[in-house]
Amino acid sequence: MVEAPGWPGIPARWTSSAKDGVGAALSEGSRVWFTISHGIVNEIYYPRVDQACVRDLGLIVTDGDTLFAEVKRDCETVVERIEDGVPAFQLTSTHRGGRFRMINRVIADPRSDSIVLHIRLEDSSRAGLRVFSLLAPHLINAGAHNNGQLGEYKGHEMLCALGGGTHLAMLASPPFLARSVGFVGVSDGWRQLRNHRRLTDQYDTATDGNVALSAELAMGADGASVLAVGFGRTRAEAAFHARTSSMTPFETILNDYSAGWRAWQSGLRTMERRAHGQNIYRVSANLLRVHETPTFPGGVIASLSIPWGFNKGDDDMGGYHLVWPRDLCETAGALLACGARSEVRRILRYLRATQEGDGSWGQNYWLDGAPYWSGVQLDECAFPVLLLDMARREGALGPPDLQPFWPMVKRAAGFVLRTGPRTKQDRWEENAGYTPFTLAVAIAGLLAAAEIAEACDVEELPALLRDTADAWNEQIEDWIYVKDTPLAREAGVAGYYIRVAPESPVMGRPDVHGMIQVRNHEAGGGAIAADELISTDAIALVRFGLRAPDDPRVLSTIAVIDRLLKVELPQGSGWRRYNLDGYGEKAGGSPFDGVGIGRVWPLLAGERAHYALAAGKREEAEALLATIEAQTSPGGLIPEQVWDSAPIPERGLAPGKPTGSAMPLVWAHAEYVKLLRSLADGRVFDMPPHAMRRYLAKKRPARCRPWREDCPAANVLAGQTLRLDLPDESIVRYTRDNWKSQADVATRDTGLGLHVAELPTAGMEPGGNLVFTWRRKADEVWRGQDFEARVIAP
């Protein structure tokens, strides 16, 4: 056995996140996913959609003498779906020098843990050309510590890899003409082919490093080669899967693969839209579905990509192939919009299984629920409740199905009550405080929880939940709306909603003029006053039914948003997330590395279109829909961000076209699908009706104002009650006249981790103070401090 020289190879890197296709079989017999970019297969996942196992599977053509042509660099490739609505791909790659054309069809075998490539080379020069495959194993999210080896299975030669306890096997039909393994950057096949146009040194093993598997393909009597890459827990299992796929006629596998997708698509609503020759609705629908894993039903990851992956190594093994509860709920809403009800039920069961004991959901996590990052975002803890309520309203869940989910809803509502209305992270996973998007989701989520409680015959909680929602809704302007600032005067408006109000370090209350440290900036940069930081998030107040689209405060905020964040692109209008955003390529186009400049997000055009539809501006909504479609890749995929500066051709950056961020972003496709449904219905599909009725139609005032020691209410309106939310069973003592008289009231247990007591203000004049303290019943120890809330005029 000859060991390849050059251990351990150069540092491992991932690959481009700009995908042109994403595929998987709709079969429990297949646990393999693949992506396509730059004319080749460039990531393969197994046995779960959150575990990448291959960096890329490249193809090289030589003539054995002077020609060396990489498909991904030296060809122009057209990516087509073999059938509308089926993620099976034909890649037609034409050599820029005119020497050849390669037609490569790619699918996953629905009966095996393998992907299959059918490769045909058309040689225009009539000279004998040679085709080589180069596979870079990154088994179980890691490019280091992989082993490569030549092997044999039942008399058939193969190439093998092992890493992270998982095996890979690559076989071909007809059999390989030559094989080698090596260390990337030193002894790999690419270097041999680049230098010699053939595999001159055929190494048997490459151990514990960044390895590559290389082989020369033979063409059969039909002029094609079938290449299969199989996976398993043992080498024999991986080889078996690859062998069964390589020996089965490709057309048979393709027909079985397509049949599964045809059957699934046949049950969806019809909302056809075409762009770049693609049916973008069907592309989006199968993208939502392909990101789920059969072994973790309902677990849908954010994207089969790693943003700027070509610049990242094993230290970013998560990429976007993780579950974000917010993205998951957005995806489920889109599945509901296109009629995929059983998928929505699976997602709800998955959310129930991955909920934390305190009622929250983690910031993001692997499919098995193990956390990746450690943050908590309040909107992610309310979204599952909104999803459940929407599924109930849309008929995906009947009354018998609802009751098992009540414990999940109760725990989630309790967490929101105990920790809201501020969040430890906003929806962009960056800043803590009071934010419009989080407030909108939390308030609507509490109202939805109240509706579910009533449907489950729970008597006491609905009033508590609605009281809290009413009180938070009433204070939105106190928390995040500013007036008569320099920015307001500059924009010619009275005021606007800000992106986030940080908590005052003294009182724990929002400080609309406090300083914010925006992330992703060089040391010493990114500091800005809260009243100067604007985001598109304020339109969520309309999306979730809390404010009317023609509310003057909303209109003035939109004027400021468009002044600071709107970018006109060749495809139409786009928006950045917020001013001073640092998550994106640098000014010169180099990849984001923790510091950069945030770019335009297509999904924000979808959110703006939903606002336009709510405002009765259908033509504007349709124009924004067309803008999103024009910003898709040739394969119909919607990116996380598009370039919004002057073109940089050498980096592949053009205005309105995908950047190196995630593509596809499942959330963006979900927003697109929901927009199609909203336009079809003539209303915002996912707008909660409870909030609309309560705050827009009935204009419901708050009966009480909640007070928690970690989130104290400074004021209470005359005539309201002050509701103390305490962690333990207690006796509250209060005075309305500076202790000239006093009264005691016992708390009641809500069953949500809070014990509440209500203190009346009826008869008190504005300007008076309600003063109180308490003792726990368990130890009869007084708090030892007086607290107060000022009574103000309504």
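Keep in mind it's a predicted model, so treat the numbers as computed, not measured.
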**Asked** Given E429 and W324, is the side chain to side chain donor-acceptor pair (under 3.5 Å) satisfied, shown in steps?
**Response** CA-CA 11 Å; E429 308 188 282; W324 272 264; 2.6 Å; yes
**Message:** Checking S645 against R599 for the side chain to side chain donor-acceptor pair (under 3.5 Å) test, could you report, in this order, the C-alpha distance in whole Å, the side-chain angles of both residues, the deciding distance, and whether it holds?
**Reply:** CA-CA 9 Å; S645 295; R599 306 294 171 178; 3.0 Å; yes
**Request:** I would like to know whether Y320 and E640 meet side chain to side chain donor-acceptor pair (under 3.5 Å); could you show each step before the answer?
**Result:** CA-CA 11 Å; Y320 273 20; E640 179 181 54; 2.5 Å; yes
Is there side-chain contact between [X] and [Y], with at least one heavy-atom pair below 4.5 Å?
{"X": "W667", "Y": "S303", "value": "no"}
{"X": "L351", "Y": "L328", "value": "yes"}
{"X": "I558", "Y": "Y496", "value": "no"}

Tell me yes or no: between the side chains of [X] and [Y], is some donor less than 3.5 Å from an acceptor?
{"X": "S590", "Y": "R651", "value": "no"}
{"X": "Y672", "Y": "E629", "value": "yes"}
{"X": "E585", "Y": "W308", "value": "yes"}
{"X": "H321", "Y": "N141", "value": "yes"}

Would you please name every residue forming a side-chain contact (heavy atoms from CB on, under 4.5 Å) with [X], sequence neighbours left out?
{"X": "N579", "answer": "I528, L533, I534, L564, L565"}
{"X": "A412", "answer": "Q355, W361, V385"}
{"X": "S556", "answer": "Y481, V493"}

Taking [X] for the side chain and [Y] for the main chain, is one N or O donor matched with an acceptor at less than 3.5 Å?
{"X": "D314", "Y": "G143", "value": "yes"}
{"X": "S17", "Y": "G660", "value": "yes"}
{"X": "D50", "Y": "L322", "value": "no"}
{"X": "K657", "Y": "W643", "value": "no"}
{"X": "R708", "Y": "G420", "value": "yes"}
{"X": "N473", "Y": "Y695", "value": "no"}
{"X": "S661", "Y": "Q641", "value": "yes"}
{"X": "N364", "Y": "W373", "value": "yes"}

Mind listing the closest non-hydrogen atom pair of [X] and [Y] along with its distance?
{"X": "A530", "Y": "V500", "result": "CB-O, 3.5 Å"}
{"X": "F544", "Y": "A691", "result": "O-CB, 3.2 Å"}
{"X": "M687", "Y": "A614", "result": "CE-CB, 4.2 Å"}
{"X": "S678", "Y": "L613", "result": "O-CD2, 3.5 Å"}
{"X": "E568", "Y": "S573", "result": "OE2-OG, 2.9 Å"}
{"X": "V518", "Y": "L580", "result": "CG1-O, 3.4 Å"}

**Message:** Please determine whether a side-chain nitrogen of the Lys or Arg among K72 and D56 lies less than 4.0 Å from a carboxylate oxygen of the Asp or Glu.
**Reply:**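 Yes, K72 and D56 are salt-bridged.
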**Request:** State whether E330 and R427 are salt-bridged, where the test is any N-O pair (Lys NZ or Arg NE/NH1/NH2 against Asp/Glu carboxylate O) under 4.0 Å.
**Result:**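 No, E330 and R427 are not salt-bridged.
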From [X] atom [atom1] to [Y] atom [atom2], the distance as rounded to the nearest 0.5 Å:
{"X": "L637", "Y": "L304", "atom1": "CG", "atom2": "CG", "value": "10.5 Å"}
{"X": "Q571", "Y": "I628", "atom1": "CD", "atom2": "CD1", "value": "12.0 Å"}
{"X": "I792", "Y": "D478", "atom1": "CD1", "atom2": "CG", "value": "7.0 Å"}
{"X": "Q377", "Y": "T423", "atom1": "CD", "atom2": "OG1", "value": "6.5 Å"}
{"X": "Q475", "Y": "I443", "atom1": "CD", "atom2": "CD1", "value": "9.0 Å"}
{"X": "Q631", "Y": "L569", "atom1": "CD", "atom2": "CG", "value": "6.0 Å"}

Applying salt bridge (Lys or Arg N to Asp or Glu O under 4.0 Å), can you list everything that pairs with [X], at least two apart in sequence or on another chain?
{"X": "R563", "result": "E490"}
{"X": "R608", "result": "D562"}
{"X": "D686", "result": "R543, K674"}
{"X": "D368", "result": "R48"}

**Request:** Check step by step if salt bridge (Lys or Arg N to Asp or Glu O under 4.0 Å) holds for E477 and R547.
**Result:** CA-CA 11 Å; E477 282 68 36; R547 297 293 179 269; 3.0 Å; yes
List for me each residue that meets ring-ring contact (aromatic ring centres under 6.0 Å, His included) alongside [X], sequence neighbours excluded, and say none if there are none.
{"X": "F787", "answer": "W707, W774"}
{"X": "Y434", "answer": "W479"}
{"X": "H610", "answer": "none"}
{"X": "W601", "answer": "W428"}

**Prompt:** Would E788 and R790 satisfy salt bridge (Lys or Arg N to Asp or Glu O under 4.0 Å), going step by step from the backbone distance to the final call?
**Reply:** CA-CA 7 Å; E788 64 180 45; R790 188 171 183 79; over 6 Å; no
**Request:** Given side-chain contact (heavy atoms from CB on, under 4.5 Å), test L541 with I476 step by step and report yes or no.
**Result:** CA-CA 10 Å; L541 299 173; I476 286 175; 4.0 Å; yes
**Results of side chain to side chain donor-acceptor pair (under 3.5 Å) for S633 - residues two or more places apart only** =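 None.
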**Message:** Looking at K586, I'd like to know if its NZ atom is crowded, meaning that more than 12 non-hydrogen atoms belonging to other residues, nucleotides or ligands lie closer than 6.0 Å.
**Reply:**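 Atom NZ in K586 is packed in, count exceeds 12.
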**Request:** Please say whether more than 12 non-hydrogen atoms of neighbouring residues, nucleotides or ligands are located less than 6.0 Å from NE2 in H521.
**Result:**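 Yes, NE2 of H521 has more than 12 neighbouring heavy atoms, counting only those of other groups under 6.0 Å.
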